Amino acid sequence: MAKTALLISSGNYDDSRLRDLPSSVPDAARLAKLLTNSDLGGFETRIVNNATLITVQRSIHDTLTRADADDLVIIYLSGHGLKDLFGRFYLALPETDLSALPATALSGRYIREQINDAAVRKIVIVLDSCFSGAFGRDLIAKSVIVADGTPDEFTEGTGHAILAASSPVQYALEDGSGSAPTSVFTRAICDGIATGAADLDGDGWISLNDLFEYSAKEVSERYPLQTPQMSCFGLDRDLKLLRAPSFPREFSELGGDVEEALKSNHTELRMAAVSVLGRMTHSKNTERSSAALRMLRKARGDHHPAVAESIARRIAAAPKAPRRTAAIRDVEEKKVHSSRWVETRGFGLATAARTAANFTNGDYEQLNSVHFRSELGWLTVWATDRYRVDVWDVPTEASGEPFELSISATEVHSLKIFNRSEKLRMEAGEVFAEFDSDGKVISLGCTTFDNLPDYERLIRKTYATHVQVARAPLLDAIERVVNRSPKSNTPIVLDFGVSGHSEIGIRFPKNRKPLEVLPIEHSGSEVSIGLSPIFTLGALSSFSERTVDISVSEPDKPLLFSAEDEPSHRHILMPVRLAEWKRAS
């Protein structure tokens, strides 16, 4: 099944009675980028911006006639929606003359005829237009004449669905309050796809029904005067459109009070919510910080200038992901031709190296480097800041002579460009380590260190206590406990299986009772252990699986974090030596 998307947008108009829509072209570009992304939609896309009537008609005709019966076609239309005296629908184009709509505008009748004549029976039309007069200074109505929400011409035929920006006799709004105007409806669609929030049932897919329900809720909650609609004609509502990039986890701290405060009519409450979210973006719990940043980005269209300015300031101050520093070159420019090399999957190596780089310390070169050691069938990647060690075993598909080298943590983040590479070759030189895949090469400066500490010896074969715990709830619980302390890195105590219960208690050393309790699968002896909360949050966040295993030998010996579904990754965490590490009785 082929997937094709045609995006038609008109933002500039010759007729002075039609107000320009500066959001139309950028909105189409953003949606096209998401649809084209091979990890999301994988659509073959074509954008037609500010084109003539003949060009637009030909592009619709070619798109539909070339599609086979089992294909999926999305047609996105953005611009002023018009109706003539007889109630017939038209989409305004740059050359449109309001006095001669049939001759100068794209008619709904033409679109309907093309749909009916086409062999393809899975067509989704996204109609971001409406039929209203001018509306406000910042919110511009994308229309000129009041009429029904879904054009009558589109209600005939089979095998298609309409996602309309508004319900009957409502406005489809363009938010022009910021520096980059955007359509309220298209923005909701794009945000839902980009963040994965539109995957409402969490099945990994964004279906037609998911996309409509998410965008309708987002639009109507922000702008009650606009209610999107969906109509289906002989088409399954649960048609899968795109893969979801991720499914954002719901945290109690980001729901409830904060979310309601962001919707309040009171400016003071929205400002307070923005302040709370701004602090959360700096959380060591990466899932919480990401969720807070997503919520701030969703709210940046706030109509009050002071709130909008505060949101922009908080987003700008949020920690940014490290950028790539190495230049990409063609394979013909390789500098290293060595007998010491390995071949592996790009995703595995890039993930291991970039995650390990988060656990380095800039005070010493050895501690500010990610270390690589090739062995038969494996490439071990690890880094440490003395108090914690992140270790990855990346399987290799082929290899030359073994090697050991180290690369600066700052440069290692450049490996993110190989996230999607099926095959990646790493060659070890004296000055550079070179990585190439699909004809592209990057060179990262490397060095070797004598007598690197053997942290692997800290990983024991037997432990006195084993715990399995849900990772996200534990992250949440630790952060809630930390927020009760005036100092962010006050040590915490974890009580594993105390009093024979399959529970983990989280408290401060001087507390008699735990502040948070979570269920666990526990085996072995009871133990209480002191930890740095920031280090613990970092260790848990380095895993992607839902369940994490924690193994403990003694209260003053290193813990081992691992995951059954992530066997190549393990994390060693040094405990905090407390004068009173035992649980208070």
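Treat the numbers as computed from the prediction; the structure is a model and nothing was measured.
Salt bridge Arg58/Asp62: present, at least one basic N to carboxylate O contact under 4.0 Å. Salt bridge status for Asp191 with Arg30: present, with a side-chain N to carboxylate O gap under 4.0 Å.
Rounded to the nearest 0.5 angstrom, Asp302 CG and Ile311 CD1 are separated by 5.0 Å. With rounding to the nearest 0.5 angstrom, the OH atom of Tyr110 is 6.5 Å from the NE2 atom of His61. Interatomic distance, Arg471 CZ to Ser542 OG, rounded to the nearest 0.5 Å: 8.5 Å. Atom CD1 in Ile74 sits 6.0 Å away from atom CG in Leu242 (nearest 0.5 Å). Rounded to the nearest 0.5 angstrom, Asp436 CG and Asp330 CG are separated by 11.5 Å. Distance check, rounded to the nearest 0.5 Å: CD of Glu566 to OG of Ser568 gives 6.0 Å.
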TODO: For Ser78 and Asp27, run side-chain hydrogen bond (donor to acceptor under 3.5 Å, both in side chains): C-alpha distance rounded to whole Å, both residues' side-chain angles, the deciding distance at 0.1 Å, then the answer.
DONE: CA-CA 9 Å; Ser78 175; Asp27 282 344; 5.5 Å; no
TODO: Carefully, step by step, assess Phe89 and Leu82 under the rule side-chain contact (heavy atoms from CB on, under 4.5 Å).
DONE: CA-CA 6 Å; Phe89 171 80; Leu82 313 172; over 6 Å; no
- [ ] Check the pair Leu241, Leu211 against side-chain contact (heavy atoms from CB on, under 4.5 Å), reporting the backbone distance first and the verdict last.
- [x] CA-CA 9 Å; Leu241 301 180; Leu211 193 60; 4.0 Å; yes
Task: Stepwise side-chain contact (heavy atoms from CB on, under 4.5 Å) test for Asp71 and Thr4 - done: CA-CA 8 Å; Asp71 290 353; Thr4 305; 5.6 Å; no
- [ ] Start with the C-alpha gap between Phe435 and Arg425, add the side-chain angles, then the distance that decides, and say whether side-chain contact (heavy atoms from CB on, under 4.5 Å) holds.
- [x] CA-CA 6 Å; Phe435 303 81; Arg425 183 182 178 93; over 6 Å; no
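Side-chain N or O atoms of Lys3 include one that pairs as donor or acceptor with a backbone N or O of Gly41 at under 3.5 Å. With hydrogens and angles ignored, the 3.5 Å screen pairs no side-chain donor or acceptor of Ser421 with any backbone N or O of Lys423. The backbone N or O of Arg297 sits less than 3.5 Å from a side-chain atom of Arg300, completing a donor-acceptor pair. Side-chain N or O atoms of Thr355 include none that pairs as donor or acceptor with a backbone N or O of Ala352 at under 3.5 Å. Side-chain atoms of Asn37 come within 3.5 Å of backbone N or O of Asp39 as a donor-acceptor pair. A distance-only check finds no donor-acceptor pair linking the side chain of Arg354 to the backbone of Val412 [under 3.5 Å]. Looking at Arg420, its side chain never comes within 3.5 Å of a backbone N or O of Ile417 through a donor-acceptor pair. The backbone N or O of Ala326 lies less than 3.5 Å from a partner atom in the side chain of Ser414, making a donor-acceptor pair. Checking side-chain atoms of Thr351 against main-chain N and O of Phe347 turns up a donor-acceptor pair under 3.5 Å. Judged purely by atom type and a 3.5 angstrom limit, Asp15 uses its side chain to pair as donor or acceptor with the backbone of Leu98.
A side-chain donor from one of Ser9 and Asn49 sits under 3.5 Å from a side-chain acceptor of the other. Using a 3.5 Å distance cut-off with no hydrogens or angles, the side chains of Tyr76 and Thr186 do pair a donor with an acceptor. The closest side-chain donor-acceptor pair between Glu95 and Thr52, if any, does not fall under 3.5 angstrom. No side-chain N or O of Asn50 forms a donor-acceptor pair with one of Ser10 less than 3.5 Å apart.
Contact annotation: the side chain of Arg17 approaches that of Asp97 to within less than 4.5 Å [non-hydrogen atoms, C-beta and beyond]. Between Thr281 and Arg314, the closest side-chain pair of non-hydrogen atoms is not below 4.5 Å. A heavy-atom distance below 4.5 Å is found between the side chains of Ile60 and Leu106. Contact of the Thr65 side chain with the Asp117 side chain is not registered, since no non-hydrogen atoms from C-beta on lie closer than 4.5 Å. Put simply, the side chain of Val120 reaches to within 4.5 Å of the side chain of Leu64, judged on heavy atoms. For the pair His80/Leu21, a side-chain contact is recorded, criterion being any heavy-atom separation below 4.5 Å from C-beta on. Leu208 has its side chain within reach of Met230: a pair of non-hydrogen atoms, C-beta onward, lies under 4.5 Å apart. You'll find the side chain of Phe212 reaches within 4.5 Å of the side chain of Pro228, heavy atoms only.
Here the closest non-hydrogen pair linking Leu424 and Ser437 is CD1-CB, 4.0 Å. The heavy-atom pair separating Ala292 from Leu277 by the smallest distance is CB-O, 3.7 Å. Taking all atoms of both residues into account, the shortest heavy-atom contact from His282 to Ala317 is CE1-O, 3.2 Å. Here the closest non-hydrogen pair linking Ser264 and Leu269 is OG-CD1, 3.3 Å. Among all heavy-atom pairs drawn from Ser59 and Val56, the shortest one is OG-O, 2.7 Å. Contact record, Ile206 with Gly192: CD1-O, 3.9 Å, taken as the closest heavy-atom pair.
Phe43 pairs with exactly one of Thr36, Leu72, Leu7 by the side-chain contact (heavy atoms from CB on, under 4.5 Å) rule, that one being Leu72.
Summarising the local packing, NZ of Lys416 is surrounded by more than 12 heavy atoms from other residues, nucleotides or ligands at distances under 6.0 Å. Atom CZ of Arg324 is surrounded by more than 12 heavy atoms from other residues, nucleotides or ligands within 6.0 Å.
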